[in-house]
Every structure is written in C-alpha cells, then in structure tokens.
Amino acid sequence: MGVFPFSSPAFVGVFLFSLITSSLLPELALAKDAGITRRYKFDIKSVRMTRLCHTKGVITVNGQFPGPLVTVREGDNLLVEVVNHVQNNISIHWHGIRQLRSGWADGPAYITQCPIRTGQRYVYNFTVSGQRGTLFWHAHISWIRATVHGPLIILPKPNVPYPFGKPYKEVPIIFGEWWNVDPEAVISQALQTGAGPNVSDAYTINGLPGPLYNCSAKDTFKLKVKPAKTYLLRLINAAVDDELFFSIANHTITVVEVDAVYVKPFDTETLLITPGQTTNVLLKTKPYFPKANFFMYARPYATGQGTFDNSTNLPFFKPALPPFNDTSFASNFSRKIRSLASAQFPAKVPQKVERRFFFTVGLGTNPCPHNQTCQGPNTRTKFSASINNVSFVLPTTAILQAYFFGQSNGVYTTDFPNNPITPFNYTGNPPNNTMLVMQDTSILGAESHPLHLHGFNFFVVGQGFGDYDPNKDPTKFNLVDPIERNTVGVPSGGWVAIRFLADNPGVWFMHCHLEVHTSWGLKMVWIVLDGKLPNQKLPPPPSDLPTC
C-alpha cells in the first residue's frame, strides 16, 4: 500500500512525509501588507558543511543551503543587498521576475551586470508587478548556483484568494544536487578537457540527500502532516543539470500552478519538472494512516549522450516512476498544462505575429586545439552546444552596459541569424559537419533542452516531434489557453513554438537551464529596443552597479 515505517529498508533518493496527530510544520512568513518595500541582506560566504560523510567548504547565502526564503506580495518593491565575502565573483538572478524597466537587477553575470567581486556589494532593486506564485532566486555565474539558491514566493494582493481552496499549510520544496567536490572545479575540468563533466554525488530535497545515501539517515527532509488536510507544495527545480520526475507514494497530487502562472487544475501521480521550472501542487493527505510514512521520490529524466547522476536507479517499492528516458510521458505531461484563462486571470496570447524566428538548439563538437588531447567524442573534439550553429562566448564587459552607452564594438554584434544558416533534417541522420520556434537537433543524438527566457513570460502555443513544418504545424497551435511560463522543455527530437510580446526594453538572456549546456555555449541574448514613450525606456544604471 506504499506505507513504510522509519525502520523499513530504504532506497536512494527517498524523502519522507508522515501522517501524525499534530502538525510540527512551521508557518511561512506571510506578510500582510502590500505595495511596500521589503528588505533583505544576502551575505555570500563559505561555510563548512557535511553531506554523505564528506565535509567541505560551501558557498552560501547567510550560511544556508538552500538559501533564505524571500516572501513578497504582488506590487511590492524588493531591495536585496548582496555582499560578497568569498573569493569567487557572484551575481544573483531573480528567476522568472519580469523586471519591467529594471533590467539592471536581472543578474546574469556579463549580460546585465558585471559580477560582484570579493569585498563588493550591490543592491538589487525592483518591483514585482503583475505576478504571483512560486519562483526562485539563484546565483548566475558559472556553477555557483549549485548551492546559492532559494525560494521566492509572491503572495497575491490582500483579499485576493487563490483560484483554488485555501490550503491548510504551504511548503516550499527545492530539488537540488550535492557534489563531494567543488562544482566549480568540475566544470573547469570539463571545459579544459572537452569531456562531459562528472556527475553529482546525490540529489537533495531542501538540501538533504535522504536516507539511502551513505551516512544520510539523519539528513532527510521529513514533512509532518495532519490527516485529511490539503497542503500546497511549492516545488522548485534548482538542480544544475537534471530534469526530474517526482511522485509521492500512494498519493495523487493536483497541479494548480507552473512558473508563477495559475493553470487549469489536473490530477497526476507523477510530474516532470525541469531545471528552472516551478510547480505548485495540492496534496490531500490520507484520512487515517496513524504514524505512517510515505516516500517522496525524485529521479532524473535524461536523454541524449550527456552524463547524468543515476544514483537513484536502484530497486525500490513505491512510488513507481517512469523510466529515466520516458520522453512519451514527458511530452504527455507537458500537454496537460493549460493556462487558467479565466476572466480574472486571462491568457493574453498574442494573436498577431510581426517577427518570426526559427532556432535550432543542440549539442555538437569543436575541434580539439592543436597539440592537445581532448576527451570529447573520438578524442579529437570537445563538447559544445549552439543555437543556429552559433556557440555563445561570454564577453568581459556586461552587454547591457555596452548597449545602453552605445559601446558595442568588441562586445557583441547584431548579426545573429534568424534561421539556421544551413538547413538539414534536424531530427534524422545528422549532417556530416557538425514567431519563435526552437528545434532540437540530433547531431550528437536528440536531447531535451529546458530553455529559459529572462525578462518575459511566453505562451507555449505548440509542440511536436520531428522537424517543425512551417506550413502544417501552425494550423494546430493553441491560441486560446496555452500555458504561459518562463522555462520550457524543448522535447528530445522535437520542437516547441512560443509567442511573447516584446514590451520590456533591455538586454535579455536566453539559455538552456541545464548548466552544462550553457557552459558549452547554448545561450544567446535578445536586445529589446526602447519605445518612443518615457514609460517604454530603460532608465540609467544605478550608481552602485558593479564594474568589470
């Protein structure tokens, strides 16, 4: 029946929640005021931390992993002072926040700002407008977000209820990873050798690996709940490189929100959540299972040739999750998600398209440098990734700063191709040389890519497998209630079509949220020009903006 006492044999990747007669779950800090300034201070510092019987220095915010909960209401202004006490450069991204005319606070290093260097500080200053729900914040430079991340919860305005029954409790749950070594050393070695990076040593929920990893019996997230109560679980995938299936033994959950957008509720026993995505679900606990424990379980969804942490692929009892490469389940789950599209929360899908783009995204290789042995495919190449066969290289000057002051020379060019330079059968046999439509390619095997667009939400109006057909596929687009979100999985061997209104001037990053793909170059930048009216222009940078 999926009921296990604490003394039962366990398995890797398991987390427990228990039905008990009294609840020990603390209340979230729910602010009651609206339209005010919320202030936080983030001290970036290294602390000694032990997981899997392995102690190491970990870069954290305020000594916490995951970092502190940030709670605001829709309409609030948020001021976060970030002080860097470590030797690494740092920047913080407020993932999913629209940043309307506040692009200087978006956070990706060398895109909208230079990083905050050792001993420096920067105040992120922005207003949360027209959004409510679950998002998160994370470091946005190299792989530091492995430990520098935390929940960002936007409550509705006062007296505005959820479009579903009020839950008894609300619980943020963050999926992550743990490395016994420094993640920065992992990606540094991979980029030097051209090989895939070493995988993490464990998955975590709220920073804890669970009872089946070595030395982790006490490092388990345990959620104590009351019987026959409804809980709102705010799920966040902050993992560096893993899309995840998630399920709770012997329970059905109801999906009510993704990426801080309400959706038409639907029930499921298992969900898929990619890095960068958030999903709110309602969990109704069993009416009578005294002192029973149920496993919460997460394990990877992985396709293609890349490496992934398979540490949870061991025999277990419940719940039964799909196979790690079940693309059919992933696609069917994604198709179930529809915008609420109500009078109060309408789906404002752009009906008229003025600019069309077709982007191919995928993995490839670059030649190994002369007189060097590489560890990519066939030892003569290095892994790389690209959009329209262009692999992005970070500049040493922030692109937003260069754009705002008209100093683009040597920083960026504006000749990025709107379509693939050399068309081919993108999902069939690869070539010998290796609206917005994003098409996966099979150059090194088809693979899923969770694409995140900064500064905007977009509507996923269509998706499919094989090569996108510009004549037939648009006739099947959903322009009524497509899901609106900020991160979408381009399916393995397939495509997605998105629409959005370019109403936010600034420089906006778009990249794969599998960090290894971003490190290999699967990223690009959109420049949205100022409009003619004052409220359509980006204001000048703040005086404390970090310099390169």
Side-chain angles (χ1 to χ4, degrees), residues 74 93-108 111-113 124 126-138 140 152 154 257-263 274-278 337 339 341 345-359 361 387 392 399-400 403 416 418 435-438 449-463 477-479 482-490 496-513 518 522-531 535-539:
E74 180 184 351
H93 171 51
W94 312 94
H95 184 108
I97 294 292
R98 286 288 314 275
Q99 298 293 2
L100 296 170
R101 299 181 66 247
S102 57
W104 304 104
D106 191 45
I111 305 298
T112 59
Q113 68 166 94
Y124 291 91
F126 57 91
T127 299
V128 180
S129 300
Q131 293 180 275
R132 80 292 305 164
T134 302
L135 296 172
F136 72 116
W137 55 264
H138 61 80
H140 212 305
L152 171 57
I154 309 168
E257 177 199 304
V258 300
D259 289 5
V261 175
Y262 297 134
V263 303
T274 78
Q277 290 182 343
T278 63
I337 307 175
S339 290
F345 303 104
K348 299 180 181 179
V349 188
Q351 301 294 313
K352 180 182 178 182
V353 176
E354 296 169 314
R355 295 288 302 275
R356 298 177 187 272
F357 302 87
F358 179 50
F359 294 153
V361 296
I387 300 177
F392 187 95
I399 295 177
L400 178 57
Y403 161 70
F416 191 88
N418 293 348
M435 131 196 108
L436 170 57
V437 177
M438 291 175 285
H449 300 281
L451 267 293
H452 172 49
L453 177 60
H454 292 223
F456 298 91
N457 277 359
F458 50 76
F459 291 94
V460 184
V461 297
Q463 64 176 353
F477 284 175
N478 175 10
L479 302 180
I483 184 55
E484 178 185 356
R485 61 189 324 162
N486 61 64
T487 304
V488 63
V490 181
V496 295
I498 68 173
R499 288 188 181 184
F500 66 95
L501 180 65
D503 60 350
N504 194 8
V507 168
W508 305 109
F509 205 23
M510 187 175 81
H511 60 97
C512 183
H513 227 273
T518 296
L522 208 166
K523 49 195 173 185
M524 62 174 292
V525 168
W526 294 81
I527 296 180
V528 179
L529 303 179
D530 285 344
N535 64 354
Q536 297 173 332
K537 295 183 179 299
L538 181 70

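Starting from 1, each residue takes its place in the sequence as its number.
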Q: A105 and Q99: which non-hydrogen atoms are nearest, and at how many Å?
A: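 Heavy atoms only, the tightest pair is O-NE2, 3.5 Å.
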Q: Dump the intermediate steps for side chain to side chain contact (heavy atoms under 4.5 Å, CB included) on N486 and F500, then the final yes or no.
A: CA-CA 10 Å; N486 61 64; F500 66 95; over 6 Å; no
Q: Between L538 and L400, is there a side-chain heavy-atom distance shorter than 4.5 Å?
A: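 With C-beta onward as the side chain, the pair touches.
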Q: Contact between Q351 and L479 at the side-chain level, heavy atoms closer than 4.5 Å - yes or no?
A: yes
Q: Take the angle between the ring planes of F345 and Y262 and call it parallel below 30°, perpendicular above 60°, tilted in between.
A: perpendicular
Q: In terms of relative ring orientation, are F509 and H454 parallel, tilted or perpendicular, with 30° and 60° separating the classes?
A: perpendicular
Q: Determine the minimum heavy-atom distance between F458 and L451, stating which atoms define it.
A: CZ-O, 4.4 Å
Q: Compute the ring centroids of Y124 and W137, then answer whether they are less than 6.0 Å apart.
A: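 Centroid separation for Y124 and W137: 6.0 Å or greater.
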Q: Could you tell me the separation between the OG1 atom of T518 and the NE2 atom of H452, rounded to the nearest 0.5 Å?
A: 10.0 Å
Q: Measuring from atom CZ of F126 to atom CZ of R101, what distance do you get when rounded to the nearest 0.5 angstrom?
A: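 Going from the CZ atom of F126 to the CZ atom of R101 covers 16.0 Å.
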Q: Using the ring of each side chain (for Trp, its six-membered ring), is F359 parallel, tilted or perpendicular to F416, with breaks at 30° and 60°?
A: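 Because their plane-to-plane angle is over 60°, the rings of F359 and F416 count as perpendicular.
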Q: Could you tell me whether the side chains of H95 and T487 share a donor-acceptor contact shorter than 3.5 Å?
A: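 Yes.
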Q: Under the side chain to side chain contact (heavy atoms under 4.5 Å, CB included) rule, collect the residues that match up with L100, sequence neighbours excluded.
A: R98, S129, N504
Q: List the atom of M510, the atom of L453, and the distance in Å for their closest heavy-atom pair.
A: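 That would be CB-CD1, 3.9 Å.
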Q: So how far is it from I483 CD1 to N457 CG, rounded to the nearest 0.5 Å?
A: 9.0 Å
Q: Holding to salt bridge (Lys or Arg N to Asp or Glu O under 4.0 Å), I want the full list of residues that pass it with D106, two or more places apart in sequence or in another chain.
A: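 Applying salt bridge (Lys or Arg N to Asp or Glu O under 4.0 Å) to D106 gives none.
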Q: Kindly give the heavy-atom pair with the smallest separation between A497 and F477, and that separation in Å.
A: CB-CZ, 3.6 Å
Q: CZ/R485 to CD/E257 distance, rounded to the nearest 0.5 angstrom?
A: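 Between atom CZ of R485 and atom CD of E257 there are 10.5 Å.
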Q: Please step through side chain to side chain contact (heavy atoms under 4.5 Å, CB included) for the pair W508 and V528, ending with a clear verdict.
A: CA-CA 8 Å; W508 305 109; V528 179; 3.8 Å; yes
Q: Taking the side chain from K537 and the backbone from D530, do they hold a donor-acceptor pair closer than 3.5 Å?
A: no
Q: Quickly, which of L501, N478, V461 forms a side-chain contact (heavy atoms from CB on, under 4.5 Å) with V349? Name it, please.
A: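 Checked L501, N478, V461 against V349; only one passes side-chain contact (heavy atoms from CB on, under 4.5 Å): V461.
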Q: Is there a side-chain contact between V128 and W94 in this structure, where contact means two heavy atoms from C-beta onward sitting under 4.5 Å apart?
A: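 No - every pair of side-chain heavy atoms lies 4.5 Å or more apart.
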Q: Would you find a donor on one side and an acceptor on the other, under 3.5 Å apart, between the side chain of T278 and the backbone of T134?
A: yes
Q: Examine distances only and state if a side-chain atom of Q277 and a backbone atom of P450 form a donor-acceptor pair shorter than 3.5 Å.
A: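 Pair absent, no side-chain N/O of Q277 close to backbone of P450.
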Q: Could you tell me the separation between the CZ atom of R499 and the CZ atom of F459, rounded to the nearest 0.5 Å?
A: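 Going from the CZ atom of R499 to the CZ atom of F459 covers 11.0 Å.
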Q: Measuring from T112:OG1 to W104:CH2, what's the distance to the nearest 0.5 Å?
A: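 If I round to the nearest 0.5 Å, the distance is 8.5 Å.
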